[in-house]
Engineer: 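Here you go, one structure.
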Amino acid sequence: MSLSTPLLRWLTLLSPVCCCLFAARGILHYFQLESYQFPGYFRSLKRNRVHSLLPGLCATAAVLVLLYGFDLLALRGGARWASILAAVLLLPLSAGAGLAIGRAFSPRSAKKKFVITGRVKRLYAVFFLVMTGISALCAATPWAVLPALWPLALPLVVALSGLLAWPIEKAISECYFRDARRKLLSNPNLVRIGITGSYGKTSVKHILGAILSEKYPTLITPASFNTPMGVTRTIREKLSPSHQVFVGEMGARHVGDIKEMCRLVHPTIGIITSVGPQHLETFKTIERVASTKYELIEALPAEGSHAYFYDDGAWVRKMYDRTQKPKSLCGRDPAICDCWCDEVSVSAEGSRFQLHIRGVGSVECHTRLLGEHNIQNILLAAAVASDLGLTLRQISHGVEKLSPVKHRLELLSHPGSFTIINDAFNSNPVGAKAALKVLRDFPARRIIITPGMVELGEREAEYNREFGREMAGCVDIAIIVGKNRALPIIEGLKEAGFPEESIHRVDSLDDSTRLLHGLVRPTDTVLYENDLPDHYQEA
């Protein structure tokens, strides 16, 4: 190119910046979906190579075409108006090209939309400055074309921008964090409860909140708000002086995450629901999962606290045994448990059981929640509620009013149509097995639609193969969504003798819906097991 005038040199510098500001939308979306964590971000880029690399490649091509075209127009057209036209139109056309690229390589029907939060706005500002700096450095070289080539490294530029923005975000989040902690601790009579576990924590949170509300004004973190910033936001926006109990769900993807949550909440009651192979992609070993969950118990004060565990006969039981603080064990064995149940009757309409609390008594309970595993969740909540002064009648009444948590074995039944069991949220080996047991209790044909399970580390294929084997005895038709994760599931189905003509593999959830409408009958039951987040979709 022969861009020689100062004006056109500035246009050369800013054109790729304007283009990439919009072309990087999908890449920034991956960064947001991974909670701005670099390890997860780079794993998302690796899983989605096409949608990660093509925006930068297309931006480079678009900028080169535009610069070459305006170079011809401005310098070889021989008219002053041509140079002015180049100055006026180049940047808007670059931005327009970026918008088209960004739309083309962003999830078209994203389940979790890209949200322009305050953090994203700050990231965009840093991103703009970084891109401008890179372009200026490139423009200082003898190669005039170099400023148009740096977008090839667009995913790395986004990562660099995130790294430079991190100190700013850390300072802002710490300010919010301290304000929420001050507000939480300003009421010395507020009961602060922390719940963690590989699975079941969201269900236990909702169950406990519903039961405690029979006696106390109770605030629980909404939906799956289980990160420090999610809990911070709940406290700052929703906690009022009238609340007597706060229940905080504590999620973890890395060692130390629960400790950070406890620094915020300062819980006096800790509940561990489970330990399993969840998030092995980041934890690597189940021992590290268990150690991280136990950070909740370690954070409880030596006096005036209480820890609650479900007897899984494995990791959680080991935690219970090692705990020296006041503690309770929930389960099925009355010889060792402080809260247990018997006379259990599970059906497609819900469950009935006799609830026993040591030293208090027993009461019959009925719930519309599906699955025996939900009785386990109720036992934990009932034990805590009893120790906080609720009567057996209040507990039973609270259990009676429980409704399914959205996307967790949520029964959707319409007269004259087939029945749907929506268990689309974050499937894991234990939860998937429980969902299959629920489906098995339904009559007529049973259909499953699933993409399999993720974040299970090196054993992901093994767990999905076992999922297929377990599926064989519980379903009549299997619709498997995706490619790579579908293969071990199908292998497991075939190993268990499932008829091949009843196995259907499709590329997307939309394809599965079209196939289902051609297969389903009004008397069928359809289980949706897991719905992968956008950054786990297979291209």
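Computed from a predicted model, the values in this text were never measured in an experiment.
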Engineer: Quick one: do Asp441 and Lys437 make a salt bridge, cutoff under 4.0 Å?
Structural biologist: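 Result for this pair is no, no salt bridge flagged.
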Engineer: Output, in order, the C-alpha distance, side-chain angles, deciding distance and verdict of salt bridge (charged side-chain N to carboxylate O under 4.0 Å, His left out) for Asp511 and Arg514.
Structural biologist: CA-CA 5 Å; Asp511 290 341; Arg514 285 189 287 270; 2.3 Å; yes
Engineer: Please find the pair of heavy atoms, one from Ile272 and one from Lys293, that lie closest to each other, and give the distance.
Structural biologist: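 Scanning both residues completely, I find the closest heavy atoms to be CD1-O, 3.7 Å.
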Engineer: Between atom CD1 of Ile271 and atom NZ of Lys205, what is the distance when rounded to the nearest 0.5 Å?
Structural biologist: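 Result: 12.0 Å between the selected atoms.
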Engineer: Using the six-membered ring of Phe114, assess whether NZ or CZ of Arg25 lies under 6.0 Å from its centre and within 45 degrees of the ring axis.
Structural biologist: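 Judged by the rule, Arg25 and Phe114 form no cation-pi pair.
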Engineer: For Pro334, give me all partners under side chain to side chain contact (heavy atoms under 4.5 Å, CB included), at least two apart in sequence or on another chain.
Structural biologist: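 Scan of Pro334 (side chain to side chain contact (heavy atoms under 4.5 Å, CB included), adjacent residues dropped) gives Trp340.
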Engineer: On the ring face of Tyr320, is Lys327 found with NZ or CZ under 6.0 Å from the centre and within 45° of the axis?
Structural biologist: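 Here Lys327 passes the 6.0 Å and 45° test against Tyr320.
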Engineer: Does any part of the side chain of Trp315, heavy atoms only, come nearer than 4.5 Å to the side chain of Glu287, both counted from C-beta?
Structural biologist: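 The answer is yes, as the side chains (C-beta and beyond) meet within the 4.5 Å cut-off.
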Engineer: So do Lys494 and Ile503 actually touch side chain to side chain, heavy atoms under 4.5 Å?
Structural biologist: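 With C-beta onward as the side chain, the pair touches.
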Engineer: If I take atom CZ from residue Arg233 and atom OG from residue Ser173, how far apart are they, to the nearest 0.5 angstrom?
Structural biologist: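 Rounded to the nearest 0.5 Å, the CZ-OG separation comes to 15.0 Å.
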Engineer: State whether the side chain of Lys201 and the backbone N or O of Gly197 hold a donor-acceptor pair below 3.5 Å, judged by distance alone.
Structural biologist: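 Yes, Lys201 side chain to Gly197 backbone: donor-acceptor pair under 3.5 Å.
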Engineer: Nearest 0.5 angstrom please: Ile480 CD1 to Leu493 CG, how far?
Structural biologist: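 It is 5.5 Å, given to the nearest 0.5 Å.
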Engineer: To the nearest 0.5 Å, how far apart are CD1 in Ile449 and CG in Asn530?
Structural biologist: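 One finds 13.0 Å between CD1 of Ile449 and CG of Asn530.
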Engineer: Closest heavy-atom contact between Leu329 and Tyr310?
Structural biologist: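 Shortest heavy-atom separation between Leu329 and Tyr310 comes out as CD1-C, 4.2 Å.
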Engineer: Please answer whether the main-chain N or O of Glu364 pairs with a side-chain N or O of Ser396 as donor and acceptor at a distance below 3.5 Å.
Structural biologist: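 Checked: pair present.
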Engineer: Apply the side chain to side chain donor-acceptor pair (under 3.5 Å) test between Glu214 and each candidate in His397, Gln394, Arg393; give the one that qualifies.
Structural biologist: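 The residue from His397, Gln394, Arg393 that satisfies side chain to side chain donor-acceptor pair (under 3.5 Å) with Glu214 turns out to be His397.
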Engineer: From Arg446 CZ over to Cys474 SG, what is the distance, rounded to the nearest 0.5 angstrom?
Structural biologist: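 It is 7.0 Å, given to the nearest 0.5 Å.
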Engineer: Check Val50 against Pro55 and note the closest heavy-atom contact, atom names and distance.
Structural biologist: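 Shortest heavy-atom separation between Val50 and Pro55 comes out as O-CD, 4.1 Å.
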Engineer: Out of curiosity, Thr227 OG1 to Glu249 CD, how far, rounded to the nearest 0.5 Å?
Structural biologist: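 Spacing of OG1 (Thr227) from CD (Glu249) equals 10.0 Å.
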Engineer: Testing Asp311, Asp312, Asp333 one by one against Arg317 for a salt bridge (Lys or Arg N to Asp or Glu O under 4.0 Å), which residue passes?
Structural biologist: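 Exactly one candidate clears the test, Asp311.
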Engineer: Is there a donor-acceptor pair under 3.5 Å between the side chain of Glu295 and the backbone N or O of Gly256?
Structural biologist: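 Yes, Glu295 side chain to Gly256 backbone: donor-acceptor pair under 3.5 Å.
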Engineer: So which atom in Ser52 and which in Asn48 form the shortest heavy-atom distance, rounded to 0.1 Å?
Structural biologist: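 Scanning both residues completely, I find the closest heavy atoms to be OG-O, 2.7 Å.
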Engineer: The criterion is ring pair (Phe, Tyr, Trp, His ring centres under 6.0 Å); which residues satisfy it with Tyr41, sequence neighbours excluded?
Structural biologist: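 By the ring pair (Phe, Tyr, Trp, His ring centres under 6.0 Å) rule, Tyr41 matches Phe31.
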Engineer: Closer than 3.5 angstrom, by distance alone: can the side chain of Ser274 be matched with the main-chain N or O of Tyr199 as a donor-acceptor pair?
Structural biologist: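 At least one qualifying donor-acceptor pair exists.
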Engineer: Are any non-hydrogen side-chain atoms of Tyr308 and Ile193 less than 4.5 angstrom apart?
Structural biologist: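 Answer no - side chains too far apart.
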Engineer: Using 4.0 Å as the upper bound for N to carboxylate O, is an ion pair formed by Glu466 and Arg459?
Structural biologist: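 Not counted as a salt bridge, because no side-chain N and carboxylate O are separated by less than 4.0 Å.
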Engineer: Testing the 3.5 Å rule here: is there a donor-acceptor pair between the side chains of Ser291 and Arg288?
Structural biologist: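 No, no side-chain donor-acceptor pair sits under 3.5 Å.
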Engineer: Could you report the tightest heavy-atom contact between Pro277 and Leu456, atom names first, then the distance?
Structural biologist: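 In terms of heavy atoms, the two residues are closest at O-CD2, 2.5 Å.
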Engineer: Please find the pair of heavy atoms, one from Pro429 and one from Tyr463, that lie closest to each other, and give the distance.
Structural biologist: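 Pro429 and Tyr463 have their closest heavy atoms at CG-CD2, 3.7 Å.
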